[in-house]
**Student:** 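Handing you a structure now.
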Amino acid sequence: MLDFAKMAKRALFLVLLTLGLSSLVLAQTTGAGAWPTQKPIRLIAVFPPGGSVDQVARILAPALQSELKQNVIVENVGGASGVIGTSAMTRSDPDGYTFAVVFDTHGVNPSLKDKLPYDTIKDIAPIILVGTSPMVLVASKKSGITSFKQLVELSKTGKQFSYGSIGIGSLGHLAMARLAKQAGFDWNHIPYRGGGPLMQDVLGGQVELAVGSEFLVKPHIESGGVIPLVITTTKRSPELPNVPTIAESGFPGFNAPSWWAVLAPGKTPPAVINAMNQALNKVLKTPAIAAKFKAQGIDIVGGSPDTLREFIGKQIAIWGKFVIENNIKETAQ
């Protein structure tokens, strides 16, 4: 006769063994056992406090913390157009506890910098494209400029204006360099280390013009601190409906949106990458978070890591070509 008691014990043993092996596989796959419960998650903002990267990170952090049931700490590691912070991320353990929020400079740095401290492909794992936004060219109230038409007319007479961006090779810099070249303007570029310092100087009148993401400049437009002149995307922004586009102001087809993304160290386990991607997609669809980004002019994108990988590849190709063709060089800031 069959010994059902022994068979039951054996079946239970096999189930427990299977569960044990599954746990071991999870631990080996994630490198963190029951991720994310070992320690706080570090979200590196690769620009200084006060800029759009910092603000995006600080909107995401509490929502992500709630979703993952784990502390999420924002750490600002600014400098070198995002390279220093990105490098800090790539040097971190790929255990699922360090990520970085980067800006559009990430797609330009490979062409602009003579040598990066990391390989943009091998050392970095894409997580998610958070969103895109128009950039806005604004004027200091002390500049005397009140419209883009006035700026163009004065520039055509040979008058030189100074404009600030968040750094050499930033998308704001390249967009204005493209516009100046196309129109024959003689503008002087002043690079800053981040959006916070840039806006301080344009508010104070130390620089006549500034180009930054709508996320960065919109609060200062609303407070009356700066004058919006034009935006860099082909369509007007719903948040700034009275501000014309460069494309409709005499330069058809002009389009240069800013963007933000989340990255991880290159060897981060696929299970962690997928879990973080899913968590962020869920966070971005939360009405409260979506409303915060919308109010700042950011169009949420989301999607898969492959979506971000393809997007970054296109950005590197488009703006890298412009950098090389126009011999744009990095200088000390």
**Student:** Is there a donor-acceptor contact under 3.5 Å from the side chain of Q150 to the main chain of G144?
**Tutor:**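 Judged by distance alone, yes, a pair lies under 3.5 Å.
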**Student:** At what distance, to the nearest 0.5 angstrom, does CD1 of I298 lie from CD1 of I300?
**Tutor:**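 The CD1 atom of I298 sits 8.0 Å away from the CD1 atom of I300.
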**Student:** Just by distance, no angles: are the side chains of S237 and E214 close enough, under 3.5 Å, to form a donor-acceptor pair?
**Tutor:**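 Short answer, yes.
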**Student:** Under a 4.0 Å N-O cut-off, is there an ion pair linking D95 with K39?
**Tutor:**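 A salt bridge is present here (some side-chain N lies under 4.0 Å from a carboxylate O).
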**Student:** Any side-chain heavy atom of V138 within less than 4.5 Å of one from H220?
**Tutor:**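 No - every pair of side-chain heavy atoms lies 4.5 Å or more apart.
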**Student:** Parallel, tilted or perpendicular, judged at 30° and 60°: which one describes the rings of F215 and F293?
**Tutor:**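 Correct class here is tilted.
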**Student:** Would you call L209 and L137 a side-chain contact if the rule is heavy atoms closer than 4.5 Å?
**Tutor:**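 Answer yes - side chains close enough.
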**Student:** Taking I121 as the starting point, is it possible to reach I128 by hopping between hydrophobic residues whose side chains are less than 4.5 Å apart?
**Tutor:**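 I128 does not cluster with I121.
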**Student:** Using atom types as modelled and distance alone, determine if a side-chain donor or acceptor of E248 lies under 3.5 Å from a backbone N or O of T245.
**Tutor:**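 Yes; at least one donor-acceptor contact below 3.5 Å.
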**Student:** Heavy atoms, side chains only, cut-off 4.5 Å: are Q315 and W259 in contact?
**Tutor:**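 Sidechains of W259 and Q315: in contact.
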**Student:** Could you pull out the closest heavy-atom pair between I41 and P36, with the gap in Å?
**Tutor:**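 In terms of heavy atoms, the two residues are closest at CD1-CB, 3.9 Å.
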**Student:** Answer with yes or no whether the side chains of S170 and S165 bring together a donor and an acceptor at under 3.5 Å.
**Tutor:**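 The criterion, which ignores hydrogens and geometry beyond distance, is satisfied for S170 and S165.
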**Student:** What are the two closest heavy atoms between D186 and Q160, and how far apart are they?
**Tutor:**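 In terms of heavy atoms, the two residues are closest at O-CG, 2.7 Å.
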**Student:** Answer with yes or no after comparing the ring centroid distance for W260 and F103 against a 6.0 Å cut-off, counting only values under it.
**Tutor:**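 Yes - the distance between ring centres of W260 and F103 falls below the 6.0 Å cut-off.
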**Student:** We want to know whether N76 and R58 form a side-chain donor-acceptor pair, criterion being a heavy-atom distance below 3.5 angstrom.
**Tutor:**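 Yes, R58 and N76 have a side-chain donor paired with an acceptor closer than 3.5 Å.
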**Student:** Considering only heavy atoms from C-beta outward, does the side chain of I312 approach that of L263 to under 4.5 Å?
**Tutor:**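 Heavy-atom side-chain distance check passes, below 4.5 Å.
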**Student:** Using 30° and 60° as the class boundaries, would you call the ring planes of H173 and Y163 parallel, tilted or perpendicular?
**Tutor:**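 Plane angle between 30° and 60°, so tilted.
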**Student:** Would you check if T86 and I124 make a side-chain contact, meaning some heavy-atom pair closer than 4.5 Å?
**Tutor:**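 The answer is yes; the side chains approach within 4.5 Å.
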**Student:** Looking at every heavy atom in both G96 and V272, which two are closest together, and how far apart are they?
**Tutor:**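 Heavy atoms of G96 and V272 come nearest at CA-CG1, 3.6 Å.
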**Student:** Does I324 belong to the same Ile/Leu/Val/Met/Phe/Trp/Tyr cluster as L112, with side-chain heavy atoms less than 4.5 Å apart forming each link?
**Tutor:**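 No, it is not one cluster - the side chains of I324 and L112 are not joined through contacts under 4.5 Å.
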**Student:** Report yes or no: does N277 contribute a side-chain atom to a donor-acceptor pair with the main-chain N or O of G303 at less than 3.5 Å?
**Tutor:**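 Checking the backbone N and O of G303 against the side chain of N277, a donor-acceptor pair under 3.5 Å is found.
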**Student:** Main chain of A63, side chain of S66: is a donor-acceptor contact present, judged purely on distance under 3.5 Å?
**Tutor:**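 A pair under 3.5 Å: no.
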**Student:** Can you find a pair of side-chain heavy atoms, one from V243 and one from L229, that are under 4.5 Å apart?
**Tutor:**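 No, too far: nothing below the 4.5 Å cut-off.
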**Student:** Does the ring of F322 carry R178 above it, NZ/CZ under 6.0 angstrom from centre and within 45° of its axis?
**Tutor:**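 Relative to the ring axis of F322, which defines the angle, R178 lies inside both limits.
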**Student:** Please name the pair of heavy atoms, one in G302 and one in T307, separated by the smallest distance, quoted to 0.1 Å.
**Tutor:**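 Where G302 meets T307 most closely, the heavy atoms are O-CG2, 4.4 Å.
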**Student:** Would you name the heavy atoms of S213 and S52 that are closest together and state the gap between them?
**Tutor:**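 Minimum heavy-atom separation between S213 and S52: OG-CB, 3.5 Å.
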**Student:** Any side-chain heavy atom of M135 within less than 4.5 Å of one from I246?
**Tutor:**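 No; the side chains remain at least 4.5 Å from each other.
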**Student:** Could you state whether F47 and I73 fall into the same hydrophobic cluster, counting links through intermediate Ile, Leu, Val, Met, Phe, Trp or Tyr residues with side-chain heavy atoms under 4.5 angstrom apart?
**Tutor:**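 Result: no, two separate clusters.
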**Student:** So, the side chain of S92 versus the backbone of A88: is there a donor-acceptor pair under 3.5 Å, distance only?
**Tutor:**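 Yes, S92 side chain to A88 backbone: donor-acceptor pair under 3.5 Å.
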**Student:** Would you check if L151 and W187 make a side-chain contact, meaning some heavy-atom pair closer than 4.5 Å?
**Tutor:**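 Side chain of L151 against side chain of W187, heavy atoms only: contact under 4.5 Å found.
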**Student:** Begin with the C-alpha distance, continue with both residues' side-chain angles, and end with the deciding distance and a verdict on salt bridge (charged side-chain N to carboxylate O under 4.0 Å, His left out) for E239 and K294.
**Tutor:** CA-CA 8 Å; E239 300 300 317; K294 183 178 183 297; 3.5 Å; yes
**Student:** Would you find a donor on one side and an acceptor on the other, under 3.5 Å apart, between the side chain of S81 and the backbone of T105?
**Tutor:**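 Such a contact is absent between S81 side chain and T105 backbone.
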